[in-house]
Amino acid sequence: MPARKQQRVGVHEAKTHLSRLIRQVERGTEVIVVRGGKPVVRIIPATDVTAPQDSYGLFAGQFVLGDDFDKANDDLADLFGIPRSSE
């Protein structure tokens with residue numbers, strides 16, 4: 001496999017020219033973002049990235065809520081300064 005070209009840029013330049021850097025990555029250049037002369041981020045092409053199917057059902061069936069889950073709680077009412085459920 002041929003060596004990939006590399007380019008080093010500072011954080012400010014990366015923020016200012018992100019679109020240009022992404023185009024360079026798409027053309028085969030690996031971009032290294034440095035802070036204080038030290039590498040902190042490497043920008044490379046994304047591979048095998050799949051979007052999550054349904055994040056709403058991510059934890060389906062893993063939690064059981066009691067029947068009184070949404071019942072008014074006087075201790076919490078006191079903490080938030082709202083009237084108690086019996087008032």
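All residue numbers in this chain count up from 1 along the given sequence. Note: hydrogens, waters and symmetry copies are ignored here, and every other heavy atom, side chains too, is used.
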Q) Which heavy-atom pair separates A77 from P83 by the least distance, and what is that distance? A) CB-O, 3.9 Å
**Q.** Gap separating the CZ atom of R23 from the CG atom of L18, nearest 0.5 angstrom
**A.** 10.0 Å
(Q) Tell me whether K5 is salt-bridged to E30, with the criterion being a basic N under 4.0 Å from an acidic carboxylate O. (A) no
Q) If two hydrophobic side chains count as joined below 4.5 Å and joins carry through other members, does V9 share a cluster with V11? A) yes
Q | Side-chain (T16) to main-chain (H12) donor-acceptor, under 3.5 angstrom | A | yes
Q) Roughly how far apart are Q7 CD and L21 CG, rounded to 0.5 Å? A) 6.0 Å
Q. Taking all atoms of both residues into account, what is the closest heavy-atom pair of A14 and V33, and its distance?
A. CB-CG2, 4.0 Å
Q) Measuring from L79:CG to D74:CG, what's the distance to the nearest 0.5 Å? A) 11.0 Å
Q: Decide yes or no on salt bridge (charged side-chain N to carboxylate O under 4.0 Å, His left out) for E13 and R20, but give the supporting numbers first.
A: CA-CA 10 Å; E13 182 180 350; R20 177 178 51 82; 3.2 Å; yes
Q) Rounded to the nearest 0.5 Å, what separation is found between the CD1 atom of I32 and the CD1 atom of I44? A) 9.0 Å
